[in-house]
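The block underneath contains the structure these notes are about, expressed in structure tokens.
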Number of protein chains: 2
Amino acid sequence: MGVAVLDEVLEHVPAERVLRDPAVTAGLSADQAVWAPVGVPLAVVRARSAEEVRAVVAACYRHGVPVVPRGAGTGLSGGANATDGCIVLGLDRMDAVVEINALERLAVVQPGVVNDDLRAAVAEHGLWYPPDPASSPWSTIGGNVATNAGGLRCVKYGVTRDYVLELEVVTGTGELVRLGRRTAKGVAGFDLAGLMVGSEGALGIVTEVTVRLRPLPPPAVTVAGHFDSLVDAGSAVRAVGAAGITPAALELVDRHCLQAVDAWKNMGLSVGAEAVLLARVDEPGATGEAIADRIVECFETAGAGWAARSTDAAEAEALFAARRLAYPALERLGPVLTEDVCVPKEHVPEMLGRIEKLAAGYDLTIANIAHAGDGNLHPLIIVAPGDDDARVRAQAAFEEILDAAIFLGGTVTGEHGVGLLKRGGLEREMAPEVLAMHRAVKAALDPRGILNPGKVFDPVGQSTE
Amino acid sequence: MGVAVLDEVLEHVPAERVLRDPAVTAGLSADQAVWAPVGVPLAVVRARSAEEVRAVVAACYRHGVPVVPRGAGTGLSGGANATDGCIVLGLDRMDAVVEINALERLAVVQPGVVNDDLRAAVAEHGLWYPPDPASSPWSTIGGNVATNAGGLRCVKYGVTRDYVLELEVVTGTGELVRLGRRTAKGVAGFDLAGLMVGSEGALGIVTEVTVRLRPLPPPAVTVAGHFDSLVDAGSAVRAVGAAGITPAALELVDRHCLQAVDAWKNMGLSVGAEAVLLARVDEPGATGEAIADRIVECFETAGAGWAARSTDAAEAEALFAARRLAYPALERLGPVLTEDVCVPKEHVPEMLGRIEKLAAGYDLTIANIAHAGDGNLHPLIIVAPGDDDARVRAQAAFEEILDAAIFLGGTVTGEHGVGLLKRGGLEREMAPEVLAMHRAVKAALDPRGILNPGKVFDPVGQSTE
């Protein structure tokens with residue numbers, strides 16, 4: 001079977017982009033979720049065109065071979081991990097910006113365009129693509145679409161799904177189709193483009209993305225606050241929401257993260273606080289300054305030891321740069337098990353308190369970075385390399401954090417996707433009837449079950465039916 | 001069959017809300033699309049609770065009886081029209097505002113809540129629900145969700161889908177489920193809540209809606225412009241877009257509409273212009289006034305005979321009120337065949353020109369109202385009652401307008417839905433492979449084909465496969 005499908009693939013893709021050397025393919029068979037299982041692929045195909053993607057999927061459809069799509073491999077849930085005998089379909093070489101249209105305020109890009117590169121390209125036209133996952137220097141738009149990626153600006157500007165107008169997709173039966181539209185509005189047929197966003201490659205493989213753009217925002221004002229407790233910082237987040245303020249970003253970084261960044265980059269960040277909140281306000285002029293001052297008040301009322309509007313743009317930029325470096329800095333300390341829970345704003349303090357208690361109870365280091373203004377928390381469980389007992393405790397704590405988020409009316413994943421790591425959590429979050437709807441939709445659009453099988457949920461599992 | 005299903009329904013719904021008198025049910029069997037065919041229902045059930053909806057759909061599922069959901073019946077495409085032997089399921093009595101949460105900025109409502117009533121309820125909390133179809137004094141949130149309703153503010157604030165967080169839905173198999181979530185972000189599973197929005201009752205029946213809210217916007221500045229030609233007004237719309245301006249509304253009303261409103265309400269609107277553009281700007285203070293002045297410039301450059309920022313709030317309000325009255329005013333003149341095409345902004349002048357030529361070529365009166373800033377045009381074809389020859393010409397012009405929109409890269413429906421009137425247009429807009437995906441998703445979620453069958457597309461049609 002393996003040989004037959006590859007013979008067909010080689011009719012459409014040059015041999016130098018059909019990689020079979022296990023030493024090479026191993027490096028392209030997993031994302032950044034180091035705790036998730038990884039299979040051995042038949043081959044990694046690095047596609048250069050939608051037609052090649054179509055031909056590969058069509059061959060896999062005929063032979064019943066799984067296809068695992070892959071962008072930059074920066075995912076944090078195992079969604080791009082190979083399954084045994086699959087073809088990993090690399091899309092990072094499809095990296096052309098096809099069109100930037102200032103009048104319609106849209107851009108058309110191939111899936112392998114890096115998030116920051118899209119932002120830089122449209123900035124030349126005075127335009128802006130807001131979704132900015134912390135991985136924006138590396139992650140691709142295709143991967144962003146697959147996980148409905150969020151980021152720092154989502155609290156005001158929304159997530160990837162809010163910016164996807166049209167998609168070119170290869171379906172589970174190997175057909176190349178266009179879904180959605182270029183117009184501002186449209187309700188001709190079901191929203192299948194929206195359905196693809198966040199479907200983690202399980203319903204189709206994206207070969208082109210048309211995104212909505214906005215005008216560049218005005219320069220931002222930054223507010224920083226230092227807190228002696230995580231829960232106080234959470235209360236400050238709730239207070240900002242209760243004051244009716246929508247900041248352009250509201251990020252939390254805890255002591256573990258600041259220390260890890262400092263130890264790596266020597267940025268002089270270790271302020272002695274348990275948690276730092278960083279807010280950005282991008283309303284123009286005096287309006288923005290007044291909002292920033294109200295955020296300072298919210299921070300102080302919630303118990304900040306220190307809070308101020310930054311008067312130094314370079315300093316403010318350094319704080320946000322440190323926040324973006326937190327994840328790679330922590331990875332240097334040991335395997336990181338990454339959470340991505342999202343809870344209603346009102347429950348942010350309670351959720352942070354529960355995470356602290358679980359860290360103490362399981363005797364684990366759990367660092368916290370958070371898009372706190374969204375209620376989207378990233379507790380990061382860090383285990384010393386080789387400490388197998390801690391690994392077991394970490395996995396138990398991971399599941400308890402998922403359960404706490406569900407209990408507080410939240411979700412197990414805000415922006416990373418379910419992948420492999422949160423399949424159990426998804427089954428606990430979702431009613432059996434809703435999971436059955438997922439299986440029905442999956443079977444309808446991927447009748448042979450070849451598209452990233454086993455990610456998100458078990459397509460044929462019986463556990464919840 | 002009909003009797004058996006009603007016996008079951010009557011076990012769950014009191015007889016006084018199961019209407020069978022044809023004189024009564026006829027008045028609840030059609031929406032405002034007077035050109036669309038209407039069937040004769042078995043009964044109209046006026047549900048009071050999600051449990052009643054579940055019981056009715058479950059009974060219909062067992063007996064294979066079609067269910068046609070209905071809100072206020074203000075639809076413009078025949079989406080709520082009865083099919084023979086169906087149960088019309090009226091949801092307008094489910095009109096409770098369940099929760100308004102200022103901290104989370106959301107409201108939970110039953111589907112029968114009228115759009116304007118939701119806006120008024122949340123305004124008491126300083127909050128705002130932006131989507132405002134011109135039918136907002138009458139249309140319900142459930143119907144707005146079914147058609148992904150737009151309105152005047154969409155050009156800046158987006159459509160219904162951008163505000164739907166969570167839905168309670170009765171599925172095609174008669175199960176009551178919750179889809180989506182209350183949190184700001186979430187990617188646990190497929191976006192089935194988004195899939196329901198705009199699905200015109202063909203994938204599920206909405207029994208509760210959780211909507212995202214925004215803070216109330218600042219008071220708006222209005223700009224009006226008078227144009228001697230429709231195409232010039234279209235060029236002004238394109239010029240506003242090219243200037244990078246996002247108005248809070250940008251509406252076009254033509255001479256036919258102004259005259260019809262004047263004839264009805266004697267508002268003194270008939271300015272002698274062929275078309276009037278109305279723009280709203282809601283940036284605060286001097287910023288807003290500067291943007292308004294730039295819109296005046298765009299209007300003048302595009303050939304406006306007169307353009308000015310309104311200094312009189314009452315006058316500005318009257319102009320927008322007239323725009324909202326245009327549709328009912330035209331209905332007084334004869335049966336209106338309503339278009340809802342949406343084209344890229346750059347093609348608004350060309351599309352308006354084509355509509356004018358078609359009106360002349362077919363010797364028809366075609367009035368134009370438009371959410372012009374969205375490229376969403378509502379050419380309204382008016383035929384004198386009893387003029388059968390004109391009816392035939394109107395139907396031909398209707399299809400040609402759809403084709404022109406498709407040719408210009410647009411869609412046959414921006415915000416009204418396909419319903420019955422635009423099924424032919426949908427088949428011409430959509431690739432056969434995409435229509436096949438629609439049929440597969442429909443079959444997956446509505447296996448017996450009981451949910452609003454025959455709307456949007458023919459579930460078992462062969463014409464395009």
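Note that these values count all heavy atoms, side chains included, but never hydrogens, waters or copies made by symmetry. Here is how names work: the chains are called A, B, and so on, in the same order as the sequence lines, proteins then strands, and each is numbered from 1. Remember, it's a predicted structure, so these values are computed and weren't measured experimentally.
Here CZ of A/Arg161 is found 15.0 Å from NZ of B/Lys185. Values are rounded to the nearest 0.5 Å. To the nearest 0.5 Å, the span separating NE2 on B/His347 from CD on A/Glu104 amounts to 7.0 Å. Once rounded to the nearest 0.5 Å, the distance linking CG of B/Leu195 with CG of A/Leu192 reads 6.5 Å. Atom-to-atom distance recorded for A/Glu283:CD and B/Thr287:OG1 is 11.0 Å, nearest 0.5 angstrom.
Chain B forms the most heavy-atom pairs under 4.5 Å with one residue out of A/Leu203, A/Val412, A/Leu426, and that residue is A/Leu203. Listed options A/Gly373, A/Ala444, A/Ala440, A/Gly414 were ranked by heavy-atom pairs under 4.5 angstrom with chain B; first place goes to A/Gly414. In terms of non-hydrogen atom pairs under 4.5 Å with chain B, the most contact-rich of A/Gly194, A/Pro344, A/Gly158, A/Gly150 is A/Pro344. No other option in A/Cys154, A/Gly409, A/Gly189, A/Gly417 has as many heavy-atom pairs under 4.5 Å with chain B as A/Gly189. Ranking B/His438, B/Lys442, B/Lys345 against chain A, the residue ahead of the rest is B/His438, based on heavy-atom pairs under 4.5 Å. For the options A/Val341, A/Asn148, A/Val456, A/Asp374, heavy-atom pairs under 4.5 Å to chain B are most numerous at A/Asp374. Considering only heavy-atom pairs separated by less than 4.5 Å from chain B, the leading option among A/Thr411, A/Val155, A/Thr147, A/Thr413 is A/Thr413. Between chain A and the options B/Gly241, B/Ala184, B/Cys342, the largest number of non-hydrogen pairs under 4.5 Å is found for B/Cys342.
For chain A, no part of B/Leu106 is nearby; none of its heavy atoms comes within less than 4.5 Å. In this structure, chain A has no heavy atom under 4.5 Å from any part of B/Leu213. With a 4.5 angstrom heavy-atom cutoff, A/Leu408 does not touch chain B via any of its atoms. Proximity to chain A (any heavy atom under 4.5 Å) is shown, for B/Glu415, by both the backbone and the side chain. For B/Glu175, the part lying under 4.5 angstrom from a heavy atom of chain A is the side chain only. When heavy atoms are compared at a cutoff of 4.5 Å, A/Ala243 does not approach chain B at all. With a threshold of 4.5 angstrom between heavy atoms, B/Phe190 approaches chain A through its backbone and through its side chain. With a 4.5 Å cut-off on non-hydrogen atoms, B/Ala443 does not touch chain A at all. Heavy-atom distances place no part of B/Ala431 under 4.5 Å from chain A, backbone and side chain included. Only the side chain of A/Asn376 has a heavy atom closer than 4.5 Å to any heavy atom of chain B. Only the side chain of B/Leu179 comes within less than 4.5 Å of a heavy atom in chain A; its backbone stays farther off. With a threshold of 4.5 angstrom between heavy atoms, B/Met430 approaches chain A through side-chain atoms but not through N, CA, C or O.
Within the 4.5 Å cutoff, no side-chain heavy atoms of B/Met196 are placed close to those of A/Asp191. At least one side-chain heavy atom of A/Val441 sits under 4.5 Å from a side-chain heavy atom of B/Leu445.
For the ring pair (Phe, Tyr, Trp, His ring centres under 6.0 Å) test, residues two or more places apart in sequence or in another chain that qualify with A/His371 are A/His378.
With hydrogens and angles left out, the side-chain atoms of A/Arg105 and B/Thr246 include a donor and acceptor closer than 3.5 Å.
When every heavy atom of B/Arg178 is checked against every heavy atom of A/Val434, the shortest pair comes out as O-CG2, 3.6 Å.
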